[in-house]
A.B. asks: 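Below you will find the structure I want to go over with you.
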Amino acid sequence: MDEHEHPHVATVGSYVVIFLILVALTVLTVFTALSPLGHWHAPVALGIAVVKATLVFLFFMHLLHSPKLTWLVAGGTFVWLGIMFALTLADYWSRGIVGRYQ
Amino acid sequence: MSTVAYSPPKAEPIPVAGDYGPETRVDYINCAWGVRSWLLTVDHKRIALLYLFAITAMFFLGGAFAVLIRIELLTPKSDLFEPDTYNRMFTMHGIVMTFFFLIPGVPSVLGNFLLPIMLGAKDLAFPKLNLASWYIYILGCLLTLAGIIWGGIDTGWTFYTPYSTRSAHTSVMPVAVGVLVLGFSSILTALNFIVTTHTMRAPGLTWFKLPLFVWSSYATSLVVMLGTPVITTTLVLVAVERFAGVGIFDPKAGGDPVLFQHLFWFYSHPAVYIMILPAMGVISELVTAFSRKTIFGYQFVAFASMAIAVFGFLVWGHHMFVSGQSPYASTIFSLISYVVAIPSAVKVFNWTATLYKGSISWATPMLYAIGFIGLFTIGGLTGLVLASPPVDVHVTDTYFVVAHFHYVMVGGTIMAYMGGLHYWWPKMTGRMYPEGWAKAAALLVFFGFNLTFFPQFLVGYAGMNRRYASYVDEFQVLNVLSTAGASILGFGFLLPFGYFGWSLRYAKAAGPNPWGATGLEWTTESPPPPHNFEVTPTVTLPPYEYATHN
Amino acid sequence: MATVPLAHHFRTPAQQHHAALLGMWMFLITEVLLFGAVFLGYVVYRANPALHGGFVAASEHLGQSVFGFEHVPFLGAFNTVILLGSSFTMALAVRAAQVGNQSSLVRNLGLTMILGTIFLGIKAYEYHHDWDIGLIPGFKFDKAAWAGTGVDARHVELFFVFYFVLTGLHAIHMFIGMGLLGVLWVRSRMGRFGREYYTPIELAGLYWHFVDVVWIFLYPLLYLIRH
């Protein structure tokens with residue numbers, strides 16, 4: 001029972017802080033959605049979502065104190081998601097460039 | 001819940017027919033009797049056998065459709081079936097063979113049986129999930145069979161929209177849901193393999209002492225985990241579109257059918273590697289065992305599996321050169337497709353180098369292995385031809401493509417599956433198969449296969465389209481040759497069915513290591529005891545140490 | 001004190017714990033790609049200029065006027081906070097198990113389930129509202145309401161297909177999570193978990209937090225399109 005016997009136990013206070021930051025970011029994302037940001041709406045909203053998700057992963061899901069393998073699993077997943085998005089969107093975004101010969 | 005102290009089930013000594021010797025040994029087959037002991041088992045070896053039965057049944061079902069297709073194509077006119085019926089035949093052949101045989105085949109049967117033993121473990125990490133995966137597989141089979149019986153399905157195995165959402169009046173829903181359900185079965189098996197490989201290796205069994213079959217099963221499992229959820233989602237969207245009558249992939253409603261193809265091939269191209277990677281692992285085991293040499297370039301072969309798993313995800317667009325995909329994207333997908341050939345070639349070169357100056361023996365598994373290397377090379381090289389957009393546009397949807405993927409799938413995966421089944425049959429059952437019959441079957445399969453599919457390269461390049469019940473008269477000679485080959489091939493696949501059954505009762509006992517091979521699975525009894533090893537093994541040697549072994 | 005149930009094929013409880021955690025993380029991989037594929041479809045259409053007007057108009061319908069907030073996606077925001085709160089109590093439940101605080105474990109699991117129920121209740125209210133005003137694609141979709149607005153009703157319908165597939169998948173995951181928590185709540189009251197053994201609590205926690213993460217992306221993508 002080596003590593004299992006002494007898990008890293010975070011303080012209640014740290015969870016409260018993370019929760020409050022998450023709520024604040026939620027308010028912020030509503031606020032930015034109602035602001036005149038033009039083309040920056042989607043990037044800002046997604047940026048805030050990424051920050052929130054990262055906080056949940058690192059602290060609520062204990063990734064911060066997890067073995068390297070868990071980091072690899074979590075990171076690899078998002079790399080794969082990135083591959084799926086990047087190569088599919090590469091098709092859609094390069095369709096207009098090719099000209100009108102079709 | 002059991003507690004820390006574990007006591008093995010007490011088995012009454014039961015007399016067993018045959019020549020097991022004077023005292024009866026308790027193994028995983030005779031440790032418990034009755035239907036319940038099989039249907040509720042959590043032993044990975046018994047689950048492997050359950051899979052073997054189910055998958056063999058599906059293989060012969062898919063084969064039956066193939067027979068009907070080849071009979072129809074004997075003549076240029078569509079005289080046996082209406083074109084509509086023919087559409088159902090090739091669709092159901094493709095769906096049954098791809099999703100119900102090729103994808104689960106090697107991992108669920110050979111992988112389930114061997115992976116824990118090769119790791120020196122008592123079982124997979126989650127035995128109950130393993131049993132659940134079999135039941136989910138059966139549920140998927142039943143749904144699909146229901147669809148096949150109630151009108152069949154004629155969309156092609158790819159479920160392309162709008163065939164699958166609008167125009168098909170066949171049983172798309174039960175089959176699509178069946179395939180969707182099947183995905184969960186693959187995922188559970190893959191999850192089990194990955195966790196087991198990480199956490200349950202025997203003492204001393206470091207990553208670079210793992211057998212290459214384990215490496216390739218691990219790589220395959222990664223592909224399953226990362227790809228299968230996407231086909232689940234895709235089929236959910238198809239089901240929603242069909243069920244609710246909305247236009248997710250319908251241009252009229254603002255949808256995009258090409259998006260379906262992206263999502264579909266994001267899974268289904270890697271699925272090709274789900275089929276071939278475990279087969280490559282089998283071949284690495286066979287080639288070393290029958291040339292009595294260590295594998296040439298162990299680390300290269302191991303990393304080639306991982307490289308194939310990664311690059312396999314970057315090339316799906318080469319199925320979509322004629323779909324309206326942007327030519328820039330096609331160029332990228334084409335270039336990466338050439339890259340993925342490199343790790344596959346590394347494997348072929350390393351197997352060949354392993355054979356060099358080996359003391360080769362021509363047992364049946366080796367015949368299949370050599371057949372694999374040749375046929376896979378042809379299948380792979382024609383794949384490179386097809387990865388080039390100008391050529392691909394010319395031969396898209398012709399029999400050239402059909403021949404190409406059958407060389408990889410049948411010439412590759414099924415050859416390895418049969419080779420592996422013969423190689424580990426003594427381990428699984430404790431009995432040798434009859435060598436003479438098996439060699440005859442292997443040769444029949446090899447020649448029958450080539451006679452079936454080589455003419456299809458020619459007829460496809462000459463312009464014969466796939467998925468048509470009729471063709472122009474000029475193509476008849478090659479089609480007759482192909483059908484003749486298919487009947488030889490079918491006979492070659494039926495033979496093992498007979499002699500494997502015969503061997504269970506009449507063949508001589510195999511003993512723990514009939515091939516004199518290395519690997520943990522050959523250190524335990526045949527068939528293995530209920531928990532694989534009497535004592536947990538400790539590994540000190542690298543794999544394939546035939547030099548010290550001999 | 002809780003005893004550690006060790007399955008026969010593991011050598012040590014630590015090995016068993018490690019395997020279970022890795023298994024859950026591997027399972028979450030499949031969940032990321034399951035939702036990711038629907039997200040991809042949504043993003044492809046959202047980025048299509050031809051569909052843009054329909055998607056924006058549709059999304060504004062999610063900001064229902066409640067408590068006088070006109071065009072403010074209030075319910076979505078409120079639900080986001082509820083779900084974040086349930087993640088918070090779940091994290092506290094895992095912590096309580098880690099330190100062996102029995103009453104805190106039971107209390108926090110209960111709170112998590114209550115917050116989950118509130119979330120699903122509000123979701124049900126939203127769905128009900130969508131049904132009332134005819135926004136259910138394929139079954140009760142009021143195409144006529146969009147005539148003369150300059151917006152193609154079929155594009156609005158397409159948005160709502162994605163809305164219901166995404167939030168529906170999410171809700172199914174919530175239901176599964178609630179079921180798991182219910183079982184764990186009962187078992188915690190029976191004193192099955194403690195410092196020595198709390199793997200199931202930890203696994204349920206990972207799952208619950210992941211479902212939360214999915215919603216963190218769903219909320220801005222679906223509710224907050226204003227441009």
Side-chain angles (χ1 to χ4, degrees), chain B residues 1-8 116 121-127 129 183-184 187-188 190-192 194-196 198-200 203 221-222 224-234 236-237 240-241 243-250 252-256 259-260 262-263 266-267 531-532 536, chain C residues 3-45 48 50-51 54-55 136-139 141 152-162 164-165 168-169 192 197:
Chain B
M1 283 281 174
S2 61
T3 45
V4 178
Y6 173 76
S7 59
K122 286 178 182 160
D123 207 320
L124 288 168
F126 311 114
L129 285 186
F184 294 106
I187 286 174
L188 290 182
L191 192 151
N192 240 329
I194 291 177
V195 174
T196 308
H198 271 287
T199 61
M200 305 193 55
S221 303
L222 283 179
V224 170
M225 299 294 288
L226 292 161
T228 314
V230 177
I231 192 77
T232 310
T233 299
T234 314
V236 165
L237 292 178
V240 167
E241 172 157 356
F243 181 63
V246 291
I248 302 174
F249 300 115
D250 181 358
K252 227 168 43 199
D256 183 2
L259 177 68
F260 171 86
H262 275 299
L263 292 174
F266 180 84
Y267 166 73
H531 295 301
N532 297 345
T536 302
Chain C
T3 53
V4 187
L6 180 65
H8 73 83
H9 55 293
F10 289 112
R11 287 190 294 273
T12 63
Q15 185 192 26
Q16 179 171 262
H17 180 75
H18 182 45
L21 274 189
L22 181 62
M24 183 45 98
W25 276 98
M26 293 307 297
F27 171 71
L28 293 183
I29 281 190
T30 65
E31 294 281 19
V32 169
L33 284 141
L34 183 87
F35 281 100
V38 198
F39 274 127
L40 174 63
Y42 176 76
V43 166
V44 164
Y45 292 160
N48 183 348
L51 302 175
F55 271 42
I136 312 289
F139 295 100
F141 193 80
D152 190 334
R154 287 174 305 189
H155 298 170
V156 176
E157 195 175 10
L158 190 60
F159 175 89
F160 275 97
V161 170
F162 278 98
F164 281 107
V165 169
L169 266 181
R192 291 287 172 79
Y197 177 69

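Order of the sequence lines fixes the chain letters, A, B, ..., with proteins taken first and strands second; residue numbering starts at 1 for each chain.
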A.B. asks: Do side-chain atoms of C/Gln16 reach the backbone of C/Pro5 as a donor and acceptor pair under 3.5 angstrom?
C.D. replies: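 At least one qualifying donor-acceptor pair exists.
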A.B. asks: Examine whether an atom of C/Ala19 lies under 4.5 Å from a heavy atom of chain B, and if so say whether it belongs to the side chain, the backbone or both; otherwise answer neither.
C.D. replies: both
A.B. asks: Using heavy-atom distances under 4.5 Å, tell me whether B/Phe249 contacts chain C through its side chain, its backbone, both, or neither.
C.D. replies: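 Looking at B/Phe249, backbone and side chain both touch chain C.
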A.B. asks: Are any side-chain N or O atoms of C/Arg154 and backbone N or O atoms of B/Gly254, one a donor and one an acceptor, separated by less than 3.5 Å?
C.D. replies: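 No; zero donor-acceptor contacts below 3.5 Å.
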A.B. asks: Which bit of C/Val38 comes within less than 4.5 Å of chain B, counting heavy atoms only: side chain, backbone, both or neither?
C.D. replies: both
A.B. asks: Give, as side chain, backbone, both or neither, the part of C/Leu33 having an atom under 4.5 angstrom from any heavy atom of chain B.
C.D. replies: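 It is both, since atoms from each part get that close.
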A.B. asks: Identify each donor-acceptor pair in which a side-chain atom of residues 227-234 of chain B lies under 3.5 Å from a protein atom, sequence neighbours left out, and give them as a table.
C.D. replies:
residue, atom, partner, partner atom, Å
B/Thr228, OG1, B/Val224, O, 2.6
B/Thr232, OG1, B/Thr228, O, 3.0
B/Thr233, OG1, B/Pro229, O, 3.1
B/Thr233, OG1, C/Leu34, O, 2.7
B/Thr234, OG1, B/Val230, O, 2.5

A.B. asks: Measure C/Phe27 against the heavy atoms of chain B and call it side chain, backbone, both or neither at under 4.5 Å.
C.D. replies: both
A.B. asks: Between CD of C/Glu157 and CG of C/Asp152, what distance do you get to the nearest 0.5 Å?
C.D. replies: 10.0 Å
A.B. asks: For the candidates B/Thr536, B/Thr199, B/Leu188, B/Asp250, which exhibits the highest count of non-hydrogen atom pairs separated by less than 4.5 Å from chain C?
C.D. replies: B/Thr199
A.B. asks: Going from CG on B/Leu191 to CD1 on C/Ile29, what distance comes out if it is rounded to the nearest 0.5 angstrom?
C.D. replies: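 Spacing of CG (B/Leu191) from CD1 (C/Ile29) equals 8.5 Å.
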A.B. asks: For chain C, find which of B/Ile248, B/Val240, B/Asn532 contributes the most heavy-atom pairs closer than 4.5 angstrom.
C.D. replies: B/Ile248
A.B. asks: Please look at B/Ala125 and chain C and tell me whether the side chain, the backbone, both or neither of the residue comes under 4.5 angstrom of a heavy atom of that chain.
C.D. replies: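 Its backbone and side chain both get close to chain C.
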A.B. asks: So which part of C/Leu22 gets closer than 4.5 Å to some heavy atom of chain B, the side chain, the backbone, both or neither?
C.D. replies: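 Backbone plus side chain of C/Leu22, per the 4.5 Å heavy-atom cut-off to chain B.
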A.B. asks: For the side chain of C/Tyr45 and the backbone of C/His155, is there at least one donor-acceptor N/O pair under 3.5 Å apart?
C.D. replies: no
A.B. asks: Using atom types as modelled and distance alone, determine if a side-chain donor or acceptor of C/His9 lies under 3.5 Å from a backbone N or O of B/Leu124.
C.D. replies: yes
A.B. asks: Which bit of B/Leu226 is near chain C, if near means a heavy-atom gap under 4.5 Å: side chain, backbone, both or neither?
C.D. replies: both
A.B. asks: Can you say whether B/Leu129 sits under 4.5 Å from chain C via the side chain, the backbone, both, or neither, judging by heavy atoms?
C.D. replies: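 Neither the backbone nor the side chain of B/Leu129 comes within 4.5 Å of chain C.
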A.B. asks: CG/B/Leu237 to CG/B/Leu263 distance, rounded to the nearest 0.5 angstrom?
C.D. replies: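 Here the rounded value is 7.0 Å.
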